Every structure is written in C-alpha cells, then in structure tokens.
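Proteins get letters first, then strands, A, B, ... in listed order; numbering begins at 1 in each. Only this structure's heavy atoms are used, side chains among them; waters, hydrogens and symmetry mates stay out. Remember, it's a predicted structure, so these values are computed and weren't measured experimentally.
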Number of protein chains: 2
Amino acid sequence: MQPNLARQDETVPETAPELPSARQQAVLDAVLALMVEEGDQLTMDAVARRASCSKETLYKWFGDRDGLLTATVRWQASRVHAGRYALNALDVATLRESLQDFAATWLEVIASDTSVALNRLAIGHAGSRKSNLGGIVLANGRFAIGERVKPVLEAGRAAGLLAFDDTETAFRTFFGLVGRDIQIRLLLGDALPLDAGEIRRDAGRAVEQFLALYGRA
Amino acid sequence: MQPNLARQDETVPETAPELPSARQQAVLDAVLALMVEEGDQLTMDAVARRASCSKETLYKWFGDRDGLLTATVRWQASRVHAGRYALNALDVATLRESLQDFAATWLEVIASDTSVALNRLAIGHAGSRKSNLGGIVLANGRFAIGERVKPVLEAGRAAGLLAFDDTETAFRTFFGLVGRDIQIRLLLGDALPLDAGEIRRDAGRAVEQFLALYGRA
DNA sequence: GCGGCGCCGTACCGTACGGTACGGTACTGC
DNA sequence: GCAGTACCGTACCGTACGGTACGGCGCCGC
C-alpha cells in the first residue's frame with residue numbers, strides 16, 4: 001500500500017537522495033522512452049506494457065501517476081549532474097574554457113529529446129495545482145546550473161578577469177546569451193536543427209559575447 | 001456540421017484573416033479566462049458554462065476541441081500586434097527607444113497570465129501530433145516579433161549605428177538578452193515577480209547590453 | 001400569427017484512462 | 001516439500017470528458 005519510494009512531500013527538497021532499484025530504474029527509463037516517443041500518450045497501461053511489469057507494481061512502487069512522473073523527473077535529473085571546475089588560479093583561457101563547456105553542455109541538455117519531453121510534461125503540470133514537477137525540473141535545470149556557474153563567475157571576478165556587481169544578474173545574462181530562443185522554440189515544436197558543431201559554435205559565440213560584456217581585459 | 005470558422009489546414013498559414021463574430025469573441029475570451037484560472041481543467045463543459053452557451057453551439061462554431069483552442073490562440077494573437085516604428089533618419093536615441101519599447105512590450109507579453117497559460121497549452125499539445133498550436137504560437141510570438149525587430153536593426157545598421165553580419169543572429173542575441181530565463185521559469189511555475197518597473201529596468205539593461213555588443217558609436 | 005432558425009440547457013452515449021483486485025508463477029528461506 | 005513473497009498479466013470498476021441529440025424559447029421575415 002505504502003509506496004517505498006519517497007513520495008513528494010511539501011517539506012522535502014526537490015532533490016531526493018534515494019536511488020531506485022535497478023528494476024525500478026528500468027521502469028523509469030521506459031517512462032522516459034515512452035515520453036519521448038509518444039508525447040502525451042503516457043498512460044499507466046502503456047508504461048506497464050513497455051516496462052513489462054504490472055500496473056499493480058507501478059502503483060505499489062510509485063503510489064500513483066504523479067509519483068511515477070516525479071520519480072522519473074528525479075531519475076533523469078540524477079544523471080545530469082557532472083563536472084567539476086577549477087576555481088582558483090584562474091586564467092582567462094581556463095575561464096573561457098569552463099564557460100564554453102558549461103554553455104555547450106547546457107545546450108546539449110535542452111536540445112535533447114528527453115529534456116524537451118520532460119519539460120513539456122512539467123510545464124503541462126505546472127498549470128494545475130498538485131505535484132510540483134515544474135519545481136523539480138527548475139531546481140535540477142535552471143537553478144542547478146546557476147549554482148554551478150556562479151562560483152566560476154565569482155572566481156573569475158576574484159582573479160580580476162570579470163567585472164560585475166550582482167552574480168545572479170551576470171549569470172542570467174550568460175543564460176540568456178546561451179539559450180536565446182532555442183528552448184522555447186523546441187518546446188513549441190519547432191524543428192530546430194542543432195548538431196554538435198552548431199552547439200559548439202553557439203557556445204563559443206555566447207561566451208565571447210559574455211566576455212565582451214563582463215570581461216575586464 | 002461544417003464549422004464556419006476556418007479550421008486549421010496544412011496549407012493555410014498560421015495567421016488566419018477571418019475575425020470571429022462578437023458572440024464568438026466572447027466565447028473565446030471565456031476560454032482565455034478559464035485557461036488562466038483553471039489551468040488544464042479546460043473542459044468543453046466548463047467553457048460552455050462559463051460562456052453561457054451550449055456545447056452544441058461550440059461544436060457548430062469551432063468543429064471540435066482543437067478547433068476551439070486554435071481559434072482561441074488566433075484570437076489572442078490578433079490582439080497583440082501593434083506599434084509602428086520609424087525606420088529612416090534613425091538616430092541613436094530613437095534606435096535605443098525603439099529597442100527599449102520592443103523589449104518592454106515583449107516582456108509584458110511573456111509575463112502575462114494569458115501568455116503563460118497559452119504557451120503551456122500549446123507546449124502540451126506540441127508533444128502529440130495533430131493541431132499545430134505550437135506553430136501558431138511561435139508564428140505570432142517569437143517569429144512575429146522577429147519580423148518586426150529585424151527591420152529596426154537593419155535600419156540601425158544602414159544608419160551606421162549598428163554593426164553585424166547576420167540580422168537573424170543579431171536578433172536572436174537581442175531576444176536572449178531580453179528574455180533570459182524569464183519565460184521558462186514562468187512556464188515551469190516559478191513565481192517570478194515582475195512588475196512594470198522591473199520590466200522597464202530589465203528592458204533598459206538588455207538594450208544597453210545589446211548596444212554594447214553591436215553598437216558602433 | 002406563424003413557420004423557420006439559431007441558440008441555450010440538459011440529458012445522454014462511448015471511450016479512455018486512473019486505480020484496484022485477483023489468479024498464476026517463479027524464487028527464497030527453512 | 002512448503003509457506004511466504006514479489007511480481008506479471010489481465011480483467012474489472014468508476015469517472016471524467018469529448019462529442020451528439022433533443023426539447024424549448026426567442027427572434028426575424030412574411
């Protein structure tokens with residue numbers, strides 16, 4: 001009766017520590033695959049069929065549909081975090097490289113089928129009350145990358161390479177220069193071609209523009 | 001049987017010329033209001049009740065649910081277009097003012113409850129095939145403003161105030177500097193406070209940054 | 001006045017889907 | 001061997017919602 005995975009709870013932060021079992025991970029991967037392929041036809045029956053498990057098991061593990069979706073979003077989020085960056089003895093080349101890496105990684109993420117499908121789902125649910133999928137996606141997307149980029153920006157400022165008053169504002173400018181209209185166009189179904197080369201060029205351009213605005217050289 | 005409003009048709013562009021009758025406009029306004037208030041509880045029953053009309057009439061006028069939604073999106077889009085801008089004899093003050101005005105107007109639009117609700121709906125539908133709501137929203141949002149800003153940018157270049165090779169790239173940079181993370185955060189349900197003063201400051205900052213990157217003075 | 005029309009309100013239908021129940025099967029500990 | 005457990009497959013239930021049918025009423029042309 002009680003789901004053995006953490007149900008979303010108002011007091012619990014958006015990042016859950018518990019990892020699902022291997023079988024559960026397979027189920028969540030099935031959800032992700034189905035989400036990408038079928039869009040909004042994400043029925044519990046379809047998930048059970050795709051994952052070769054019974055609906056009863058789904059409900060036992062995840063509580064209800066929202067629990068399953070929440071677990072899926074968390075599961076996907078748990079795979080995105082990566083990368084550590086030098087923060088002291090920063091020179092301009094390293095700073096540029098770090099920012100470029102952030103930008104390219106971020107573009108890859110938001111351009112991926114999985115991210116698009118996940119964001120669509122979360123945005124759809126953001127309209128109704130209950131089940132804070134949007135909050136989870138934000139916490140693990142926009143805000144997570146913010147918390148990882150801002151130390152780099154501040155290290156750049158400490159090293160005399162960047163000049164800004166408010167770190168948050170500087171980061172949001174960086175975010176805008178990188179993302180531009182890409183995410184909204186993809187979410188709305190625009191077939192925006194974005195291969196690896198394009199991403200690298202976009203990331204480079206964004207970093208150069210950011211340095212032009214905030215660089216001190 | 002046949003809906004007397006233009007049904008979406010693959011060959012028809014995303015901007016329909018026909019205007020709905022006054023009564024139909026009232027119905028579409030009811031849809032918009034309901035969309036904002038109830039989020040995804042947008043049932044045909046609720047619309048009929050809210051608009052004090054019968055479901056039969058809804059189906060007669062709009063064909064089916066998608067037809068109603070499409071008509072609603074078009075109806076909202078038909079109210080957004082506005083503003084004419086000087087393109088010749090451009091000086092830097094006028095250019096700055098025009099861009100600032102574009103930025104502020106755009107921010108007001110994407111921050112409005114109606115836009116958020118409409119974009120959520122269109123994004124939700126972009127996942128499934130059928131009914132190109134996403135395309136309509138894109139055509140009347142992102143692309144419409146692009147077509148209106150780009151002549152201003154080119155006029156600025158012709159007047160020797162701006163320097164860029166590709167207008168589209170320059171516009172996308174402008175778009176990113178203005179929008180930053182605002183739209184995605186609002187769509188995902190973040191309670192981002194954005195009053196008129198904030199919008200004006202944001203627009204001003206975006207324009208200054210854009211001029212710093214592309215200005216020639 | 002009257003037939004026809006357009007529309008409101010409501011009752012109704014079919015289906016899709018979230019959620020539950022249950023029988024059958026494989027595996028594990030004793 | 002056997003009880004217990006975990007889980008698969010499937011059948012089932014209730015409800016919400018898209019779509020249709022129909023009675024009634026006001027309005028317009030004649």
Separation of D:dA6 atom C1' from A:Glu56 atom CD, nearest Å, is 10 Å
Between B:Asn140 and the options B:Val137, B:Leu138, B:Ile136, the side chain to side chain contact (heavy atoms under 4.5 Å, CB included) test singles out B:Ile136
Quiz item: How about A:Arg200: does its CZ atom have over 12 heavy atoms from other parts shown lying under 6.0 Å from it?
Solution: no
note: B:Lys60, atom NZ; D:dG18, atom C1'; distance rounded to Å ~ 19 Å
Whole-Å distance, B:Leu68 CG to D:dG19 C1', equals 13 Å
Notebook entry, point to check: Between B:Thr43 and D:dG18, does any side-chain N or O lie under 4.0 Å from OP1 or OP2?
Noted result: yes
Rounded to whole Å, CG of B:Leu58 lies from P of C:dG6 at a distance of 17 Å
With the side chain defined as heavy atoms from C-beta on, A:Lys55 is closest, among C:dG9, C:dG19, C:dC17, to C:dG19
>> Could you check whether atom CD of B:Glu37 has more than 12 heavy atoms from other residues, nucleotides or ligands sitting under 6.0 Å from it?
In response: yes
Whole-Å distance, A:Arg23 CZ to C:dA26 C1', equals 14 Å
Rounded to whole Å, CE of B:Met44 lies from P of D:dG19 at a distance of 6 Å
Separation of C:dA11 atom C1' from B:Arg49 atom CZ, nearest Å, is 14 Å
(message) Using 30° and 60° as the class boundaries, would you call the ring planes of A:Trp106 and A:Phe175 parallel, tilted or perpendicular?
(response) tilted
Side-chain atoms of A:Cys53 come closest, of C:dG9, D:dC8, C:dG19, to D:dC8
Among D:dG9, C:dC7, C:dC17, the one nearest any side-chain atom of B:Thr57 is C:dC7
To the nearest angstrom, the CH2-P distance between B:Trp61 and C:dC7 comes to 5 Å
